[in-house]
Amino acid sequence: MIKYGTWRRVLCPLLLSLAFGFASVQPLTAQGTWQTMAPMPTRRADLAAVTGPDGRIYAINGRTGNGVAALHLLEIYDPATNTWATGVPPMGGHYGGRAVLGHDGLIYLMGGYYRDSSVEAYDPVAGTWTSRASMPTGRYGFAAVTGADGRIYTFGGDTGGGGENVNLVEVYDPTTNTWSSLAPIPIVRSGLGAAVGPDGRIYLIGGGSAGSYPSTVHVYNPITNSWSTAAALPTPRASLAVVDGADGRFYAIGGENGGALNVVEAYDPALNNWQPMAPMPTARFVLGAARSLDGRIFA
C-alpha cells in the first residue's frame, strides 16, 4: 500500500516570472511524494475501496487473476497504525463493483462482474451486511459517488463480459431504498471514475470503450439533470482510480491505455485546470484508492 504525501500548492509561474523578471513562464513541476506502507494481506485487482466513518479504509472483494477467480473478503486498513484486520465479508462474492460511504454512515457495495445487480449495506459498528434494492441494470466497471443530496449516483460501466459498455446513469436513494434513471452520459464509457465538486456537480474522469480512451471530462448537474464539460484529462485512460483530495482537487491515479500507467494528475474545479503530480512508484490499473482523514491518499 502506498500513500500520497502532504499537499502543497505551487505559486503560479506567471507570478514568479513577474516577481523575478523572467521573460517567460516557467513550467509547472510535479507535486507530492509517495511512501510504501503495509501491503494488503491478499493480493488482488478489481476491488472496491472506501474510507469508512471511522477513518479506516475498507478493501472489499476483488479477483486474483484475469479469469473469474472472484474473492469474497473484507480487509480493513487502519492508517493510524499502518495495520490490517479482517472483517465480515459481504454476502456476494462479485468483483468489479463499487463501494461508497453513505450519509447515514453505512458502506454501500453494488454491482460487479458480470451483470451483477446486487446491493449490500455494511454497518461498520455492528460489522454486519444487509441486502438492499438491486440496481436496475447489473454492471461492473462503472463509477459511483454519494451526491450532496445523499443519493448514490452510478455512471456507465459494462453490462456483460464482452465489452457491452453503456452510458446509463442510475441513482439510489438510501432513505426510500429505491432506484431511478437519469439523463445518460453523452458518450458510452466504462472503467471511469467520479468525484463530487464543491457546488454539488459530479465530474466523470477517464474511462473508455472499444479501445478508445476519451479525454473529455463530463460534468453532471443533479439539480438540472443535465451535462456539461470541463478541462480535458491530460492523459486519457481507463481503469483508473479517482479520489477527492483534502485540498479540493480531484486526483486521477494510474489506469491503462494499452498498458499500465503510473500517471497521477490533479484537477482543480475552482480553476478548471489539471496539474501533473508525482507518479506512483508502481504502474497499475483496476486498483482501489481512498483518502484518509488526515488527507493522505492510499492506492
Side-chain angles (χ1 to χ4, degrees), residues 44-49 60-72 90 92-100 108-120 131-145 152-172 178-195 202-220 225 227 229 233 236-242 252 254-261 284-288:
R44 50 193 155 133
D46 266 346
L47 70 160
I60 309 169
N61 290 344
R63 60 180 170 87
T64 58
N66 293 327
V68 290
L71 294 169
H72 182 220
H94 39 253
Y95 64 86
R98 296 294 181 263
V100 299
Y108 290 84
L109 174 68
M110 56 193 67
Y113 185 90
Y114 84 109
R115 298 176 185 170
D116 193 316
S117 62
S118 63
V119 178
E120 300 179 37
S131 295
R132 295 299 178 96
S134 297
M135 301 175 70
T137 308
R139 48 200 160 117
Y140 68 99
F142 56 96
V145 292
I152 299 171
Y153 293 79
T154 64
F155 302 91
D158 193 317
T159 60
E164 292 85 357
N165 298 331
V166 296
N167 63 345
L168 294 171
V169 179
E170 295 170 342
V171 63
Y172 174 73
T178 57
W179 286 87
S180 56
S181 297
L182 300 171
I185 311 170
I187 62 173
V188 169
R189 62 208 297 184
S190 180
L192 66 160
I202 301 171
Y203 293 72
L204 301 190
I205 300 169
S209 180
S212 173
Y213 304 92
S215 62
T216 305
V217 173
H218 285 104
V219 186
Y220 177 73
N225 189 31
W227 291 91
T229 58
L233 180 65
R237 47 203 150 119
S239 302
L240 73 166
V242 174
E256 61 88 18
N257 58 9
L261 300 171
R284 46 192 163 142
F285 59 102
V286 289
L287 68 158

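- Considering only residues two or more places apart in sequence or on other chains, Arg44 meets the salt bridge (Lys or Arg N to Asp or Glu O under 4.0 Å) condition with Glu75.
- Classified by interplanar angle (parallel below 30°, tilted 30° to 60°, perpendicular above 60°), the ring pair Tyr113/Tyr140 is perpendicular.
- The main-chain N or O of Pro236 is found under 3.5 Å from a side-chain atom of Asn257 such that the two form a donor-acceptor pair.
- Ser118 pairs by the side-chain contact (heavy atoms from CB on, under 4.5 Å) definition with His94, Asp116, not counting sequence neighbours.
- To the nearest 0.5 angstrom, Thr137 atom OG1 is 11.5 Å from Arg115 atom CZ.
- Heavy-atom minimum distance, Phe142 versus Met135: CZ-CE, 4.1 Å.
- Across Gly206 and Arg189, no two heavy atoms sit closer than the pair O-NH2, 2.7 Å.
- Heavy atoms of other residues, nucleotides or ligands lying less than 6.0 angstrom from OH of Tyr114 number 12 at most.
- Using cut-offs of 30° and 60° for the angle between ring planes, the Tyr172 and Trp179 rings count as tilted.
- Judged as a salt bridge (Lys or Arg N to Asp or Glu O under 4.0 Å), and not counting sequence neighbours, the contacts of Asp46 are Arg63.
- The distance from the CD1 atom of Ile202 to the OH atom of Tyr153 is 5.5 Å, given to the nearest 0.5 Å.
- Between the CG atom of Asn61 and the CG atom of Leu47 there is a distance of 9.0 Å, given to the nearest 0.5 Å.
- Considering all non-hydrogen atoms of both residues, Gly193 and Leu240 come closest at N-CD2, 4.2 Å.
- Residues that satisfy the salt bridge (Lys or Arg N to Asp or Glu O under 4.0 Å) test with Glu256, not counting sequence neighbours, are absent from this structure.
- To the nearest 0.5 Å, atom CG of residue Leu168 and atom CG of residue Leu182 are 10.5 Å apart.
- Checked against ring pair (Phe, Tyr, Trp, His ring centres under 6.0 Å), Tyr203 has the following partners two or more places apart in sequence or in another chain: Phe250, Tyr267.
- Arg237 is linked by a salt bridge (Lys or Arg N to Asp or Glu O under 4.0 Å) to Glu265, counting only residues two or more places apart in sequence or in another chain.
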Could you walk me through whether Trp227 and Tyr220 pass the side chain to side chain contact (heavy atoms under 4.5 Å, CB included) check? CA-CA 5 Å; Trp227 291 91; Tyr220 177 73; 3.5 Å; yes
Derivation of the side chain to side chain contact (heavy atoms under 4.5 Å, CB included) call for Asp158 and Arg139: CA-CA 5 Å; Asp158 193 317; Arg139 48 200 160 117; 5.8 Å; no
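- Shown here for Ala238 and Ser190, the closest heavy-atom pair between the two residues is CB-O, 4.2 Å.
- In this structure, OG in Ser212 is found 7.5 Å from CD1 in Ile187, a value given to the nearest 0.5 Å.
- Remark: side-chain polar atoms of Asn167 are not paired, donor with acceptor, to backbone N or O of Gly156 under 3.5 angstrom.
- Just one of Ile185, Asn225, Leu204 meets the side chain to side chain contact (heavy atoms under 4.5 Å, CB included) condition when paired with Val169; it is Ile185.
- Using a distance-only test at 3.5 Å, with no hydrogens or angles considered, a donor-acceptor pair links the side chain of Thr154 to the main chain of Glu170.
- Residues Val219 and Thr229 come closest through the heavy atom pair CG2-C, 4.1 Å.
- Here the closest non-hydrogen pair linking Leu192 and Gly157 is CD2-N, 4.3 Å.
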